[in-house]
A.B. asks: 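My questions all concern the structure below.
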Amino acid sequence: MSLSPDPTPISRREFLGQASCKAVGSTALFSTLLTLRLANSLSAQTTGTGGDYKALVCLFLAGGNDSFNMLVPTTAGEYAAYAKARGNLAQAMDTLLPLSPSNLGGRTLGLNSSMPELRDLFNQGKLSFVSNVGSLIRPLTLSEYKSGKSLPVSLYSHVDQVKQWQTCIPDQRTAVGWGGRAADILASLNAPSLVSMNISLSGQNIFMTGQKAFTYSINSSGATALTGYDTAAVNNLTAQRTKAVDGALGQQYRSLFEQTYANTTRDAISAYKEFSSALSGITLTTVIPSGNSVASNLAQVAKTIAARSKLGARRQVFFVLLGGFDLHDNLPTNHPGLLKTVSQGVSAFWSALGEIGMQSNVTLFSASDFGRTLTSNGDGSDHAWGSNHFVLGGAVAGGQVFGDKAAGYYPDLQNLAAIDTGQGRLIPGVAVDEYAKDMLTWFGVSATDLDYVLPAFSSRFAGRNPLGIFGTSAVSTPTPTPTPTPTPTPTPTPVSSGGSGGGGGGAASPIFLGALGAAALLRLRQKRLAAKHAAESAAGPAADVRT
């Protein structure tokens, strides 16, 4: 029996528009969209040169940075409105570091006095700010907010807002991040490796988890080895333990779970060796501020970038987290020190990138749970919504403030009636999707593939112009790269992105698998075997000995 064609077929755009609705958070839908992307050879944008390397670095300020004490309006009337709203939290005008953005038509801003390094990078045209960014389902008015229309899930909640910043899906709870989806699309630009394209200095996170992509966790010292395991050990307890582990991992097990555990642990050990070997001998002369976790983690990012050729990487995504920003109390005391850590750490990273000659190839951007209330609660500020962020890189159109053009790029604190939901909680003028889109376009995700990486963008923000963070240089024509259709596999559930620390780059202590999830490593092992078989096939068939 033959089937008649559907009398009412839907277009590709209609399909994607429907896909952007409630079903968008499902693993099945992401698997389908990814399969369509790869099957139609639309997976990667390239320039056709082996030296086309780019890295995105997410610096996540966990807890909700009070960003209106980081970037302050200083034009007379606007500063007066700021000081009135902030009360005892207001930064004194004479302490602020003056900024004169080239695109604000004479309006001026001041940077927190703890951030002179960021001020210098701004004045050098290497850094810009993006103002009033937040999680949005679609552009929102105050009347729609009051009626409860199109509001993100659990607005003002730490857990949900972190997820929404990291997934760009504010109306669903999902464990697939936009950094992970970008890796799903672009990982084919990299050579096969047990070291993922996505590398975290702060443990597992949703941002880096894709339908296929996973996170490889390291710390500021590099990959973490299996405790008590050392193949170079001779005639001691470690040597005996290593021999025992190798024996256990080399056996064949009937249980699928046991065999998978053995295979993935073995691959974790191999990944540790691969990463450590690639970074062997790489040092930096850049001075790294002592005791600064952001600086030490970003220094390790720089070393990893320096090892890109040995890792076979043309695209990499990094994640670094700094906690402590949930300052309901002690904000005047604690906030300046956190901003100092950020400023000095970012500046040292920029110098390290200069040392390895990669400033034009790397973009670092800040992110956070949400902004904080303009009003004081006495000794701190409470959860809010829109917030200010910064972007650093040689490709960035520096010395500017990007944001909602209709609002003058930076909110006029004298006229907040249309966007203040109460207590200085500002409705964002820029969606996280828009913030991400500028960076993804520079990173190499083609216009055709953006609806997989940012599934809600085409139906909800399509009429919005690019922010212009990278000027016009970031837009280029995608070159399709043939890629075989993958077999859909379940996405491992990541650990919450809260907290800090490194995690194991190989297997965690003593023999439990840490940084690399079993399902992800099993898929990667299959990929490695497939690459081996392909290489053997390319070498030609073996001689046929049959008569």
Side-chain angles (χ1 to χ4, degrees), residues 59-74 78-99 109-122 129 131-132 156-159 161-162 202 220 288-298 320-349 366-390 413 422-426 497-501:
L59 175 57
F60 202 92
L61 310 180
N65 178 33
D66 193 317
S67 65
F68 283 96
N69 262 15
M70 178 181 76
L71 188 64
V72 179
T74 54
E78 294 185 63
Y79 178 81
Y82 159 85
K84 181 179 179 180
R86 301 247 67 186
N88 66 315
L89 300 181
Q91 298 293 293
M93 173 74 91
D94 59 2
T95 67
L96 294 169
L97 306 173
L99 301 177
L109 300 172
L111 194 59
N112 191 286
S113 60
S114 300
M115 309 185 89
E117 297 84 4
L118 254 61
R119 182 269 318 273
D120 293 343
L121 290 168
F122 181 89
F129 292 93
S131 184
N132 199 21
Y156 312 132
S157 154
H158 281 293
V159 172
Q161 293 300 295
V162 166
S202 304
S220 59
I288 307 302
S290 176
N292 185 315
S293 63
V294 171
S296 58
N297 282 331
L298 289 176
V320 173
L321 180 145
L322 177 65
F325 286 88
D326 192 22
L327 293 171
H328 295 276
D329 302 295
N330 300 314
L331 188 144
T333 301
N334 294 341
H335 194 233
L338 291 169
L339 296 183
K340 179 179 180 179
T341 296
V342 169
S343 184
Q344 291 185 350
V346 169
S347 178
F349 179 58
S366 69
S368 191
D369 314 26
F370 38 56
R372 304 192 76 85
T373 55
L374 290 176
T375 60
S376 170
N377 65 15
D379 195 32
S381 54
D382 298 321
H383 302 179
W385 199 350
S387 58
N388 303 316
H389 293 277
F390 59 85
L413 302 193
Q423 297 182 282
R425 292 186 171 99
L426 306 186
S497 61
S500 59

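Since this is a predicted model, take the numbers as computed values, not measurements.
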A.B. asks: L99 vs L71, test: side-chain contact (heavy atoms from CB on, under 4.5 Å). Steps then yes/no.
C.D. replies: CA-CA 9 Å; L99 301 177; L71 188 64; 3.8 Å; yes

A.B. asks: Look at the side chain of S114 and the backbone N and O of G337, then say whether any donor-acceptor pair between them is shorter than 3.5 Å.
C.D. replies: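 Not a single qualifying donor-acceptor pair exists.
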
A.B. asks: Measure the acute angle between the ring planes of H158 and F370, then classify it against the limits of 30° and 60° as parallel, tilted or perpendicular.
C.D. replies: tilted

A.B. asks: Using the test side chain to side chain donor-acceptor pair (under 3.5 Å), find all partners of E78 that sit at least two apart in sequence or belong to another chain.
C.D. replies: R107

A.B. asks: Among H328, R425, Q423, whose side chain to side chain donor-acceptor pair (under 3.5 Å) with H383 holds?
C.D. replies: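 Testing each of H328, R425, Q423 against H383, the sole residue satisfying side chain to side chain donor-acceptor pair (under 3.5 Å) is H328.
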
A.B. asks: Going by heavy atoms in the side chains, are Q344 and V294 under 4.5 Å from each other?
C.D. replies: no

A.B. asks: Can you pull out every side chain to side chain donor-acceptor pair (under 3.5 Å) where at least one residue sits in residues 332-341? Sequence neighbours excluded, please.
C.D. replies: N65-H335

A.B. asks: Can you list everything that forms a side chain to side chain donor-acceptor pair (under 3.5 Å) with R86? Sequence neighbours excluded, please.
C.D. replies: D66, N69

A.B. asks: Can you tell me how far CZ of R119 sits from OG of S347, rounded to the nearest 0.5 angstrom?
C.D. replies: 11.0 Å

A.B. asks: Is there side-chain contact between Y156 and D382, with at least one heavy-atom pair below 4.5 Å?
C.D. replies: no

A.B. asks: Looking only at heavy atoms, what is the nearest atom pair of D379 and P332, with distance?
C.D. replies: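 Here D379 and P332 meet closest at O-CD, 3.5 Å.
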
A.B. asks: So do the side chains of E117 and V346 get within less than 4.5 Å of each other, counting heavy atoms only?
C.D. replies: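 No. Closest side-chain heavy atoms not under 4.5 Å.
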
A.B. asks: Examine distances only and state if a side-chain atom of Y79 and a backbone atom of M93 form a donor-acceptor pair shorter than 3.5 Å.
C.D. replies: yes

A.B. asks: Please, which pairs that meet side chain to side chain donor-acceptor pair (under 3.5 Å) have at least one residue in residues 89-98, sequence neighbours excluded?
C.D. replies: Q91-N112

A.B. asks: So, the side chain of N388 versus the backbone of F129: is there a donor-acceptor pair under 3.5 Å, distance only?
C.D. replies: no

A.B. asks: What distance do L321 atom CG and S202 atom OG have between them, rounded to the nearest 0.5 Å?
C.D. replies: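 These two atoms lie 5.0 Å from each other.
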
A.B. asks: Starting at OG of S381, measure out to CG of L331 and round the result to the nearest 0.5 Å.
C.D. replies: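 Reported value, rounded in 0.5 Å steps: 5.0 Å.
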
A.B. asks: At what distance, to the nearest 0.5 angstrom, does OG of S131 lie from CG of L109?
C.D. replies: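 Answer for the OG-CG pair, S131 versus L109, is 8.0 Å.
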
A.B. asks: Apply the test side-chain contact (heavy atoms from CB on, under 4.5 Å) to residues S67 and H389: give CA-CA distance (whole Å), side-chain angles for both, the deciding distance (0.1 Å), then the verdict.
C.D. replies: CA-CA 7 Å; S67 65; H389 293 277; over 6 Å; no

A.B. asks: Check salt bridge (charged side-chain N to carboxylate O under 4.0 Å, His left out) between D326 and all other residues, then give those that pass, not counting sequence neighbours.
C.D. replies: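 Expected list: R372.
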
A.B. asks: Can you name the closest pair of heavy atoms from S343 and L118 and give their distance?
C.D. replies: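 For S343 and L118, the tightest heavy-atom pair comes out as OG-N, 3.2 Å.
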
A.B. asks: In chain order, what residues pass the side chain to side chain donor-acceptor pair (under 3.5 Å) check against S157, with sequence neighbours excluded?
C.D. replies: D160

A.B. asks: Looking at A81 and L413, what are the two nearest heavy atoms and their distance?
C.D. replies: CB-O, 3.5 Å

A.B. asks: Check whether any side-chain heavy atom of T74 sits under 4.5 Å from a side-chain heavy atom of P98, and report yes or no.
C.D. replies: no

A.B. asks: Between N297 and S220, which heavy-atom pair has the shortest distance, and what is it?
C.D. replies: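 Between these two residues, the closest heavy atoms are OD1-CB, 3.4 Å.
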
A.B. asks: For residues L426 and F68, report the shortest heavy-atom separation together with the two atoms involved.
C.D. replies: CD1-CZ, 3.8 Å

A.B. asks: Check L298 against F349 and note the closest heavy-atom contact, atom names and distance.
C.D. replies: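 In terms of heavy atoms, the two residues are closest at O-CD1, 3.3 Å.
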
A.B. asks: Treating D369 as the side-chain partner and A62 as the backbone partner, does any N or O pair qualify as donor plus acceptor under 3.5 Å?
C.D. replies: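 Flag not set: sc D369 to bb A62 has no pair under 3.5 Å.
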
A.B. asks: Show your reasoning for whether side-chain contact (heavy atoms from CB on, under 4.5 Å) applies to M70 and L111.
C.D. replies: CA-CA 6 Å; M70 178 181 76; L111 194 59; 4.3 Å; yes

A.B. asks: Are F122 and F390 near enough that their ring centres are under 6.0 Å apart?
C.D. replies: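 No, the ring centres sit 6.0 Å or more apart.
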
